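Have a look at the structure below before the remarks.
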Amino acid sequence: MTVDGIENGIVLDHIEAGKAMLVYKYLHLDKLDSQVALIQNCSSRKMGKKDIVKISEDLDIDLDVLGYIDPGITVNYIKDGKRVDKKTLQLPETLTNVLKCKNPRCIISIEQELPQVFKIVDRTKALYRCMYCDTIVRSEELN
């Protein structure tokens, strides 16, 4: 299969195989008017298989969300068919309005207008703690 490059926009590369739809969902790419290409299970010498997302628009994307979904993602900014910038990601220190606290006694369940803020507590296991009630959320709970 051949997918053409893009002239201007963003290429999200080295996404763990099977996570492109999470990227699509959490970046709200369905609300864009521009072209978006999702390529799943591509061959990769480094990873075996990977996903790629190509967006034909230069937009402000939430790098914290991407870093949480998969810290191995590389973000390539394309202008006139050439890469002009490349960013590598890591797990963010804080996530706001990405995760939801599952604790029914958390203040968030009553005061729903409050931002849902989580701080990292363990980088190796990608564990985050709710800032209001200390409930721990694991990375696999993002869906």
Side-chain angles (χ1 to χ4, degrees), residues 1-103 106-109 111-143:
M1 174 186 290
T2 303
V3 177
D4 292 336
I6 60 174
E7 280 298 308
N8 296 298
I10 300 171
V11 176
L12 306 174
D13 198 1
H14 301 104
I15 304 169
E16 184 181 321
K19 290 193 173 180
M21 288 306 293
L22 279 176
V23 170
Y24 188 83
K25 175 183 175 184
Y26 280 92
L27 292 182
H28 308 287
L29 299 179
D30 57 325
K31 298 191 175 26
L32 292 180
D33 261 348
S34 57
Q35 297 175 349
V36 177
L38 272 77
I39 305 155
Q40 294 184 304
N41 298 315
C42 307
S43 306
S44 169
R45 288 184 296 249
K46 189 196 273 187
M47 301 173 68
K49 286 185 178 182
K50 68 178 180 179
D51 291 352
I52 300 171
V53 176
K54 295 182 176 187
I55 307 162
S56 68
E57 179 181 331
D58 189 10
L59 55 112
D60 186 27
I61 58 174
D62 190 341
L63 298 178
D64 286 344
V65 170
L66 286 178
Y68 181 71
I69 292 171
D70 181 359
I73 294 174
T74 55
V75 181
N76 300 288
Y77 295 91
I78 311 296
K79 183 155 177 108
D80 299 324
K82 295 184 180 7
R83 183 175 66 198
V84 294
D85 193 15
K86 178 179 180 177
K87 295 188 187 232
T88 55
L89 304 177
Q90 61 182 353
L91 285 172
E93 288 294 320
T94 304
L95 284 172
T96 304
N97 295 327
V98 175
L99 302 171
K100 294 189 189 309
C101 187
K102 307 278 188 202
N103 181 355
C106 184
I107 189 71
I108 291 296
S109 63
E111 301 291 332
Q112 295 177 356
E113 67 277 353
L114 287 174
Q116 299 223 7
V117 181
F118 288 80
K119 294 271 189 192
I120 195 159
V121 291
D122 187 336
R123 283 195 174 280
T124 59
K125 296 179 183 174
L127 298 178
Y128 284 81
R129 180 182 315 258
C130 174
M131 292 302 298
Y132 303 104
C133 71
D134 293 333
T135 297
I136 300 291
V137 176
R138 300 180 184 283
S139 62
E140 61 270 5
E141 293 181 34
L142 180 66
N143 53 26

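The structure displayed is predicted, hence computed values, not measured ones. Position 1 is the first residue of the sequence; numbering continues from there.
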Is there side-chain contact between Leu38 and Met21, with heavy atoms separated by less than 4.5 Å? yes
Separation between CD of Gln116 and CG of Leu95, rounded to the nearest 0.5 Å: 11.5 Å
Here the gap from Lys79 atom NZ to Asp85 atom CG, rounded to the nearest 0.5 Å, amounts to 12.5 Å
Just do the side chain to side chain contact (heavy atoms under 4.5 Å, CB included) check on Gln40 and Lys50 with the steps written out, would you? CA-CA 7 Å; Gln40 294 184 304; Lys50 68 178 180 179; over 6 Å; no
Side chains of Asp58 and Asn8: does their closest heavy-atom pair fall under 4.5 Å? no
Please examine the side chains of Val121 and Ile136, heavy atoms only from C-beta on, and report whether any two atoms are closer than 4.5 Å. yes
Once you round to the nearest 0.5 Å, how far does CG of Leu63 lie from CG of Asp60? 8.0 Å
Salt bridge (charged side-chain N to carboxylate O under 4.0 Å, His left out) evaluation trace for Glu7 with Lys82: CA-CA 7 Å; Glu7 280 298 308; Lys82 295 184 180 7; over 6 Å; no
Within the structure provided, determine whether Ile55 and Leu32 are in side-chain contact (heavy-atom separation under 4.5 Å). yes
From OG1 (Thr124) to CG (Leu91), nearest 0.5 Å: 9.5 Å
Nearest heavy-atom approach of Leu66 to Ile61 is CD1-CD1, 3.7 Å
Verify side chain to side chain contact (heavy atoms under 4.5 Å, CB included) between Val53 and Ile15, making sure each step is shown before the conclusion. CA-CA 8 Å; Val53 176; Ile15 304 169; 3.7 Å; yes
Tell me if the CD atom of Glu57 is crowded by more than 12 foreign heavy atoms within 6.0 Å. yes
I'd like to check Cys42 versus Ile52 (side-chain heavy atoms, cut-off strictly below 4.5 Å). Are they in contact? yes
Closest non-hydrogen atoms of Asn41 and Lys49, given as atom of the first, atom of the second and distance, are OD1-CD, 4.0 Å
Sequence neighbours left out, what passes ring pair (Phe, Tyr, Trp, His ring centres under 6.0 Å) with Tyr128? Give chain and number order. Tyr68
Shortest non-hydrogen separation from Ile108 to Pro115 and the atoms involved: CD1-O, 3.7 Å
Restricting to non-hydrogen atoms, name the atom on Asp51 and the atom on Ala20 that form the minimum distance, rounded to 0.1 Å. OD2-N, 3.0 Å
Results of side chain to side chain contact (heavy atoms under 4.5 Å, CB included) for Thr74 - residues two or more places apart only: Asp13, His14, Asn76, Lys86, Thr88
Shortest non-hydrogen pair, Pro92 vs Gly67, comes out as CD-C, 4.0 Å
Quick one: does Phe118's side chain get under 4.5 Å of Val137's, heavy atoms only? yes
Hey, does Ile120 have a side-chain heavy atom less than 4.5 Å from the side chain of Leu127? no
Mind checking the OG-NZ spacing from Ser34 to Lys54? Nearest 0.5 Å is all I need. 14.5 Å
Hey, could you give me the SG/NZ distance between Cys130 and Lys102, rounded to the nearest 0.5 Å? 12.0 Å
Quick check: do Tyr132 and Asn103 have side-chain heavy atoms less than 4.5 Å from each other? no
Would you please test Asn97 and Val117 for side chain to side chain contact (heavy atoms under 4.5 Å, CB included) and show each step? CA-CA 6 Å; Asn97 295 327; Val117 181; over 6 Å; no
For Val23 and Leu12, which heavy atoms make the closest approach, and how far apart are they? CG1-CD1, 3.6 Å
Given the rule in the side chain to side chain contact (heavy atoms under 4.5 Å, CB included) test, do Tyr77 and Lys87 qualify, once you have shown the distances and angles that lead to the verdict? CA-CA 9 Å; Tyr77 295 91; Lys87 295 188 187 232; 3.8 Å; yes
Taking only residues two or more places apart in sequence, or in another chain, which ones meet Asp33 in a side chain to side chain contact (heavy atoms under 4.5 Å, CB included)? none
